[in-house]
Amino acid sequence: DTEVTQTPKHLVMGMTNKKSLKCEQHMGHRAMYWYKQKAKKPPELMFVYSYEKLSINESVPSRFSPECPNSSLLNLHLHALQPEDSALYLCASSGRSEGRETQYFGPGTRLLVL
Amino acid sequence: KQEVTQIPAALSVPEGENLVLNCSFTDSAIYNLQWFRQDPGKGLTSLLLIQSSQREQTSGRLNASLDKSSGRSTLYIAASQPGDSATYLCAATPFSGGYQKVTFGTGTKLQVIP
């Protein structure tokens with residue numbers, strides 16, 4: 001199983017809402033990532049959890065809050081977002097597979113902030 | 001800082017043509033070079049991954065090559081089909097930092113016309 005799953009597929013929220021994005025993998029990977037991708041742009045790394053240790057991209061605003069309840073799950077909590085935060089949010093995981101480090105991406109959550 | 005460039009940004013070809021997508025990178029100290037396919041509003045699908053020690057990888061009608069000395073990778077698609085229409089991204093993963101420091105190219109949007 002080389003699948004990374006993400007829920008929900010689509011999310012529409014107002015600027016005062018609190019919502020969460022969820023990501024799950026069962027490949028035994030110990031590193032998980034959140035990326036943000038705007039239209040016609042490459043993905044930008046937001047957060048990394050590696051062996052449950054968080055690395056933060058310091059340019060990411062505090063209205064985005066990651067959480068890693070266990071090594072298979074990764075959440076992204078959203079609060080007081082702005083319309084410019086509308087984007088595709090991609091989750092990924094990485095680990096050793098057939099002797100090499102490989103990264104796998106989920107299908108993404110398309111977020112619209114009104 | 002690694003920079004990854006993809007040329008052309010967009011490409012339109014008739015069905016059946018063989019085509020080449022280009023990816024250039026400035027820092028040759030890479031762990032691997034990966035090619036992804038992305039359909040509109042969807043996640044990244046890994047097509048081919050070339051390790052630093054390899055020169056090429058093949059999967060079906062796809063062939064990717066890597067020349068670290070010149071800082072180039074190419075993705076060759078044989079006998080293109082309308083289903084190949086998508087955006088193709090390359091991504092360079094460095095030895096130092098691994099997937100936490102992966103750099104994506106800006107992509108080539110491919111349209112295969114029936």
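Chain identifiers are assigned alphabetically (A, B, ...) following the order of the sequence lines, protein sequences preceding nucleic acid strands; residue numbering begins at 1 within each chain. Bear in mind the structure is a predicted one, so any value in this text is a computation, not a measurement.
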## Note on the structure
Nearest heavy-atom contact between Val102(B) and Tyr35(A) is CG1-OH, 3.4 Å

### Query
Checking heavy atoms, do the side chain of Val4(B), its backbone, both or neither come under 4.5 Å from chain A?
neither

### Query
Do you know which two heavy atoms are closest between Pro42(A) and Gly105(B), and how far apart they sit?
CB-O, 3.3 Å

### Message
To the closest 0.5 Å, what do you measure between NZ (Lys42(B)) and NZ (Lys9(A))?
### Response
8.0 Å

### Message
Would you compute the distance between atom CD of Gln38(B) and atom CG of Leu90(A) and round it to the nearest 0.5 angstrom?
### Response
6.5 Å

#### Entry: Contact class of Ser46(B) relative to chain A, heavy atoms under 4.5 angstrom
neither

### Query
Is it the backbone or the side chain of Thr109(A) that comes under 4.5 Å from a heavy atom of chain B, or both, or neither?
neither

## Note on the structure
Rounded to the nearest 0.5 Å, the OH atom of Tyr104(A) sits from the CG atom of Leu44(B) at a distance of 14.0 Å

#### Entry: Check: Gln100(B) and Tyr33(A) side chains under 4.5 Å, non-hydrogen atoms
yes

### Message
To the closest 0.5 Å, what do you measure between CG (Leu45(A)) and CZ (Phe104(B))?
### Response
9.0 Å

#### Entry: Gln37(A) portion near chain B, given a 4.5 angstrom heavy-atom threshold
side chain

### Task
Find the one option among Pro40(B), Gly41(B), Gly107(B) whose heavy-atom pairs under 4.5 Å with chain A are most numerous.
Gly41(B)

### Message
With rounding to the nearest 0.5 angstrom, report the CD to CG distance, Glu101(A) to Asn32(B).
### Response
9.5 Å

### Task
Could you tell me the separation between the CZ atom of Phe36(B) and the CD atom of Gln103(A), rounded to the nearest 0.5 Å?
6.0 Å

